[in-house]
Amino acid sequence: MHKTVNLSPRLQLIADKVREGSAVADIGTDHAYVPIYLIQKGIATFAVASDVRKGPVEKAAVNVKKYGLQDRIDVRLGDGLEKIKQGEADTLIVAGMGGVLMCEILSAAVPIVETMDRLILQPMIGQEEVRRWLEGHDFKIIDEALSTEGHKIYNVIVAEKGKEEIDKEVYYEIGKKLIQNQDPLLKRLLLFKINEMHKIIGQLENKDSENASVRLGECRQRLREFEKLMN
Ligand SMILES: C[S@@+](CC[C@H](N)C(=O)[O-])C[C@H]1O[C@@H](n2cnc3c(N)ncnc32)[C@H](O)[C@@H]1O
């Protein structure tokens with residue numbers, strides 16, 4: 001009998017967004033813990049665990065074997081979605097990397113990304129870029145949630161095909177669903193963003209250029225928006 005894999009709160013939140021009966025492609029899988037968990041729990045029927053680097057692929061293969069799931073999880077070496085065949089997965093997970101890289105991966109494989117029923121994205125930074133990418137490629141954010149590990153806060157964004165117009169600039173940075181869902185960690189995230197903005201404003205106030213003054217105006221506006229959401 002194999003032990004059940006334990007997920008960290010960040011990975012657990014990602015796994016919780018996968019619907020039962022899904023076939024999953026986990027891109028940038030590294031340890032492959034999410035696919036292993038999803039198969040062990042009977043949430044996914046099949047998974048591809050793919051990574052661009054040999055080291056993580058080897059680690060994933062060792063873990064998949066350790067849990068005896070070689071018949072249900074295919075470990076592949078490949079850049080982005082290049083090793084994903086059309087129709088073999090309906091749920092795409094891309095987690096634990098920056099938003100810009102995530103968008104590059106998605107952009108390089110639009111025809112296959114468009115065949116997915118659900119995207120579950122967990123950008124470490126650059127969440128704004130990811131929300132813009134989704135809006136520009138006719139994906140609608142249907143859910144968002146935050147999780148925390150230590151002092152860090154992580155965003156998980158769930159999207160499905162559909163039209164969405166993000167109607168306020170601030171919602172690219174703070175997902176609207178987090179506000180609608182009254183996410184328990186939203187205030188903490190806002191506080192972090194407010195502190196960050198104060199620091200940037202402090203630096204810009206000491207600069208004497210036209211660029212800095214335009215940027216200062218934008219940052220003050222953003223700060224007001226964060227403070228409004230806080231209340
Ligand atoms: C920090 S790990 C995240 C692992 C796991 N997804 C998680 O959330 O814990 C990022 C992984 O993405 C992989 N990666 C980076 N660029 C990639 C690409 N273009 N295609 C596939 N994997 C990539 C890296 O090799 C690394 O294993």
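Just so you know, residue 1 is the first one in the sequence shown, and it goes up from there. In what follows, every heavy atom counts, from backbone to side chain, and hydrogens, waters and symmetry copies are set aside.
Here the side chains of Arg72 and Phe46 are not in contact, with every heavy-atom distance at 4.5 Å or above. Leu106 is listed as a side-chain neighbour of Leu121, based on a closest heavy-atom distance under 4.5 Å. The shortest distance between side-chain heavy atoms of Glu114 and Lys161 falls below 4.5 Å. A heavy-atom distance below 4.5 Å is not found between the side chains of Glu144 and Val156.
Residue Ile120 is tested with Val24, Ile14, Leu13 for a side chain to side chain contact (heavy atoms under 4.5 Å, CB included); the sole match is Ile14.
At a threshold of 4.5 Å between side-chain heavy atoms, the hydrophobic network of Ile, Leu, Val, Met, Phe, Trp and Tyr places Phe192 and Leu186 in two separate groups. Placement of Ile93 and Tyr37 within a single hydrophobic cluster is found when ILVMFWY residues are connected by side-chain heavy-atom separations under 4.5 Å, directly or transitively. Hydrophobic cluster membership differs between Leu11 and Leu185, with clusters built from Ile, Leu, Val, Met, Phe, Trp and Tyr side chains linked at under 4.5 angstrom. With hydrophobic clusters built from ILVMFWY side chains whose heavy atoms lie under 4.5 angstrom apart, Ile153 does not share a cluster with Ile157. Note on Val170: it does not cluster hydrophobically with Leu134, by side-chain heavy-atom contacts below 4.5 Å among ILVMFWY residues.
Rounded to the nearest 0.5 Å, atoms CG (Leu223) and NE2 (His198) are 4.5 Å apart. Atom-to-atom distance recorded for Arg188:CZ and Lys193:NZ is 14.0 Å, nearest 0.5 angstrom. In this structure, Gln86 CD and Met116 CE are separated by 9.0 Å, a value rounded to the nearest 0.5 Å. One distance of note links CG of Leu38 with CD of Glu20; it measures 11.0 Å at 0.5 Å rounding. Atom CG of residue Leu190 and atom CD1 of residue Ile179 lie 7.0 Å apart, to the nearest 0.5 angstrom. Remark: Arg10 CZ to Asn155 CG distance equals 12.0 Å, nearest 0.5 Å.
Between the side chains of Ser8 and Glu149, at least one donor N or O lies within less than 3.5 Å of an accepting N or O. A donor-acceptor pair shorter than 3.5 Å can be found between the side chains of Gln12 and Asp16.
The heavy-atom pair separating Ala60 from Val75 by the smallest distance is CB-CG1, 3.9 Å. When every heavy atom of Gly99 is checked against every heavy atom of Val130, the shortest pair comes out as CA-CG2, 3.7 Å. For the residue pair Val5 and Gln40, the shortest heavy atom distance occurs at N-OE1, 2.8 Å. Of all the heavy atoms in Leu7 and Ala15, the pair that sits closest is CD1-CB, 3.8 Å.
A distance-only check finds no donor-acceptor pair linking the side chain of Ser22 to the backbone of Val18 [under 3.5 Å]. Within the 3.5 Å criterion, the main-chain N or O of Ile141 finds a donor-acceptor partner in the side chain of Glu164. The main-chain N or O of Met230 is found under 3.5 Å from a side-chain atom of Lys187 such that the two form a donor-acceptor pair. Remark: the backbone N or O of Val158 is not paired with any side-chain donor or acceptor of Asp143 at under 3.5 angstrom. A donor-acceptor pair is defined here as one N or O able to donate and one able to accept, closer than 3.5 Å; no such pair exists between the side chain of Asn181 and the backbone of Asp183.
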(message) side-chain contact (heavy atoms from CB on, under 4.5 Å), that's the test. Do Arg222 and Glu169 meet it? Break it down for me.
(response) CA-CA 9 Å; Arg222 190 54 57 88; Glu169 204 53 28; 3.3 Å; yes

(request) Using the side-chain contact (heavy atoms from CB on, under 4.5 Å) rule, take Glu104 and Val100 through it: C-alpha gap first, then chi angles, then the decisive distance, then the call. (result) CA-CA 6 Å; Glu104 282 168 11; Val100 171; 3.7 Å; yes

(request) Give the C-alpha distance, both sets of side-chain angles, the deciding distance and a yes or no for side-chain contact (heavy atoms from CB on, under 4.5 Å) between Asp117 and Glu160. (result) CA-CA 6 Å; Asp117 293 337; Glu160 292 182 356; 5.9 Å; no

(message) As a quick check of understanding, evaluate side-chain contact (heavy atoms from CB on, under 4.5 Å) for Arg118 and Asp90, giving each step before the final call.
(response) CA-CA 7 Å; Arg118 176 171 283 206; Asp90 51 42; over 6 Å; no

(request) Apply salt bridge (Lys or Arg N to Asp or Glu O under 4.0 Å) to Glu88 and Arg76, showing your working. (result) CA-CA 14 Å; Glu88 68 178 342; Arg76 297 179 193 164; 2.6 Å; yes

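Taking a 6.0 Å sphere around CD of Gln182, one finds it holds 12 or fewer heavy atoms contributed by other residues, nucleotides or ligands. Enclosure of atom NE2 in His2 by more than 12 non-hydrogen atoms of other residues, nucleotides or ligands within 6.0 angstrom is indicated.
Summarising the hydrophobic clusters (Ile, Leu, Val, Met, Phe, Trp, Tyr; side-chain heavy atoms under 4.5 Å, direct or chained), the residues clustered with Val62 are none. In the hydrophobic clustering, where aliphatic and aromatic side chains (Ile, Leu, Val, Met, Phe, Trp, Tyr) are joined below 4.5 Å either directly or transitively, Met124 groups with Tyr154.
A cation-pi arrangement is absent between Arg131 and Tyr172, since the terminal nitrogen or guanidinium carbon is not both under 6.0 Å from the aromatic centre and inside a 45° cone about the axis.
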Could you tabulate the donor-acceptor pairs under 3.5 Å formed by side-chain atoms of residues 199-212, not counting sequence neighbours?
| from | atom 1 | to | atom 2 | distance (Å) |
| --- | --- | --- | --- | --- |
| Glu205 | OE2 | Arg220 | NH2 | 2.8 |
| Asn206 | ND2 | Gly202 | O | 3.4 |
| Ser209 | OG | Ala212 | N | 3.1 |

With a cut-off of 3.5 Å and sequence neighbours excluded, list every side-chain donor-acceptor pair involving residues 78-85.
| from | atom 1 | to | atom 2 | distance (Å) |
| --- | --- | --- | --- | --- |
| Glu82 | OE2 | Asp79 | N | 2.9 |
| Lys83 | NZ | Leu77 | O | 2.6 |

Output a table of donor-acceptor pairs, distance under 3.5 Å, between side-chain atoms of residues 27-34 and any protein atom two or more places apart or on a different chain; print 'none' if there are none.
| from | atom 1 | to | atom 2 | distance (Å) |
| --- | --- | --- | --- | --- |
| Thr29 | OG1 | Asp26 | OD2 | 2.7 |
| Asp30 | OD1 | Lys59 | NZ | 2.8 |
| His31 | ND1 | Tyr33 | N | 3.1 |

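Between Arg132 and Glu128 there is a salt bridge, since a side-chain N of the basic residue sits under 4.0 Å from a carboxylate O of the acidic one.
Within the structure, every pair that satisfies the ring-ring contact (aromatic ring centres under 6.0 Å, His included) test and touches residues 101-139, not counting sequence neighbours, is listed here: Trp133-His137.
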